[in-house]
Amino acid sequence: MTIHNNIDIKKYTTFGVTATAKRLVEYESVDDLRRYFASNPPSEGFYVIGGGSNILFSGNYHGTLLHPVSKGISVVSDDKHGITVRAEAGEVWDDFVGRCVAGGWYGLENLSFIPGTVGASAVQNIGAYGAEAKDFIESVEVYDPLSDSCRVLTNDQCAFGYRTSIFKQKRHLIVVAVSYRLCRTFTPHLGYANLRERVEAAGTPTALSVRQTVTAVRSEKLPDPAVTGSGGSFFKNPVVDAGLADRLSALYPQMPRYDADGGVKIPAGWLIEQAGWKGYRHGDAGVYPKQALVLVNYGSATGKEVADLAARVAEDVKMKFGIELVPEIIIL
Ligand code: EPU
């Protein structure tokens with residue numbers, strides 16, 4: 001365990017904005033957490049950050065950040081129905097997906113090249129190209145510092161939803177490891193036309209060709225955090241009632257729309273682009289020119305500048321379309 005006081009946390013988040021944290025604790029195990037909380041009661045407050053790819057610090061952080069650096073991937077069970085693979089929360093998500101594909105453990109290939117950690121994959125229920133982490137999560141191991149105990153939550157107990165889970169409400173539950181149930185036989189999931197065309201152009205689909213194509217598509221559309229700061233999609237795609245969606249479709253016949261639980265999902269990226277923000281830049285804060293759902297830091301933007309831009313975009317979309325955009329990014 002390493003404890004840093006008054007530390008610059010720029011390199012701990014993909015937005016790359018300058019901020020300091022009063023304390024940042026890198027921990028490797030539940031034993032480390034136990035030792036830490038033995039002298040720093042959880043009532044003092046804490047926040048867990050994984051790869052920092054879904055967080056924007058709008059100023060300095062005056063509390064404690066916990067950052068898992070635990071590593072380990074192991075096969076828990078392997079039978080004719082499938083394989084269960086357990087990964088520690090601190091594993092880099094895309095390394096884990098790569099290991100699964102190489103091992104012939106299939107299912108996660110559509111989720112390739114998503115930044116972040118294995119722990120965050122469960123908290124956030126990450127998703128892309130028709131797949132979500134929850135489709136494969138068997139169970140999640142957590143440590144609860146309030147009761148100093150470990151628990152295993154089954155998939156049903158995790159209350160997964162679109163980019164959400166129980167771990168977003170019960171912030172005191174610290175994800176320690178996630179077990180994924182994967183398949184021994186590969187079945188391509190190519191519902192996204194754009195992905196299907198590119199995968200099929202490369203020959204008979206394999207898990208590796210899907211992984212390589214998803215990686216290529218994401219690299220083309222999304223900024224590389226090593227070059228341009230960002231947190232991926234800034235907003236969630238809103239679900240609106242069918243009446244509003246129909247009125248908008250009459251005005252904008254080309255508007256993409258998808259049936260969703262409770263209404264119609266409209267891509268936030270499309271709304272932001274229509275509102276005229278795609279490629280907008282103010283100082284070093286901007287709306288990414290290739291994907292309007294992504295806000296970027298071109299170098300020296302502050303977290304507040306990015307958060308202010310997000311608020312302006314959301315306000316404008318609300319005025320023009322009557323739709324509330326809710327951030328997917330957590331602003332601290
Ligand atoms: N669109 C535009 N303009 C834009 C961006 C998108 O018109 O600037 C339109 C596209 O033409 C398309 C539709 O919006 O018709 C959807 O776009 P896309 O397929 O790029 O996906 P998205 O809805 O913008 C979501 C996820 C992404 C994930 C992709 C692919 C959310 C909030 N975002 O984006 O996840 O990679 O689908 O499955 O659900 C992330 O969460 O950080 C993330 C990158």
Side-chain angles (χ1 to χ4, degrees), residues 13-15 50-56 93-94 97 108-117 120-121 123-135 160-165 168 189-199 210-211 213-225 228-240 245 248-249 252-261 264-280 286-296 310 313-314 316-317 320-321 323-330:
T13 71
T14 56
F15 259 111
S53 54
N54 212 48
I55 285 184
L56 177 66
W93 170 257
D94 193 53
V97 176
L108 302 180
E109 45 288 337
N110 287 34
L111 300 175
S112 290
F113 212 54
I114 294 180
T117 55
S121 72
V123 176
Q124 171 75 356
N125 181 25
I126 56 174
Y129 306 105
E132 281 183 296
K134 76 169 170 63
D135 305 335
F160 289 122
Y162 171 53
R163 297 295 195 275
T164 194
S165 71
K168 283 206 167 174
H189 291 281
L190 301 172
Y192 266 62
N194 168 356
L195 181 63
R196 184 176 59 245
E197 284 157 22
R198 288 185 57 162
V199 168
V210 170
R211 173 165 167 73
T213 308
V214 167
T215 301
V217 171
R218 288 186 75 91
S219 323
E220 285 160 22
K221 284 213 315 204
L222 302 169
D224 174 358
T228 309
S230 104
S233 303
F234 199 96
F235 299 99
K236 294 187 193 185
N237 286 327
V239 174
V240 305
L248 288 172
S249 288
Y252 308 96
Q254 78 290 11
M255 180 183 81
R257 49 183 287 172
Y258 315 97
D259 289 334
D261 274 354
V264 178
K265 189 177 268 192
I266 299 178
W270 184 87
L271 293 167
I272 296 168
E273 180 173 348
Q274 287 298 307
W277 289 92
K278 196 171 187 171
Y280 174 88
V287 178
Y288 196 53
K290 294 185 200 164
Q291 164 52 293
L293 190 48
V294 175
L295 300 195
V296 290
V313 168
D316 195 41
V317 165
K320 290 185 170 136
F321 300 99
I323 296 177
E324 200 97 46
L325 292 184
V326 176
E328 177 189 322
I329 297 287
I330 292 160

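Computed from a predicted structure; not experimentally measured. Whatever order the structure lists them in is the order used to number ligands and atoms, beginning at 1.
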salt_bridge(Glu109, Arg211) N-O dist < 4.0 Å: no
Subset of ligand 1 atoms that lie under 4.0 Å from at least one heavy atom of Tyr162: 31 (C), 32 (C), 39 (O)
Which of the ligand 1 atoms, numbered from 1, are nearer than 4.0 Å to a heavy atom of Gly232: 42 (O)
Polar contact flag for Ala128 and ligand 1 (N/O pairs, less than 3.5 Å): no
Per atom 23 (O) of ligand 1, closest listed option by heavy atom (Asn237, Ile329, Ile126, Val287): Asn237
Flag, side chain of Trp277 to backbone of Val317, donor-acceptor distance under 3.5 Å: no
Nearest neighbour of atom 18 (P) of ligand 1 from the list Arg218, Gln274, Lys221, on a heavy-atom basis: Lys221
Heavy-atom nearest neighbour in the protein, as seen from atom 26 (C) of ligand 1, with distance rounded to 0.1 Å: Arg163 NH2, 3.4 Å
Verdict with reasoning, Leu56 to Phe234, per side-chain contact (heavy atoms from CB on, under 4.5 Å): CA-CA 10 Å; Leu56 177 66; Phe234 199 96; 4.2 Å; yes
4.0 Å heavy-atom contact, Tyr288 with ligand 1: no
Derivation and outcome, side-chain contact (heavy atoms from CB on, under 4.5 Å), residues Ile272 and Phe235: CA-CA 10 Å; Ile272 296 168; Phe235 299 99; 3.8 Å; yes
Polar contact flag for Lys278 and ligand 1 (N/O pairs, less than 3.5 Å): yes
Asn237 (side chain) donor-acceptor with Lys265 (main chain) under 3.5 angstrom: no
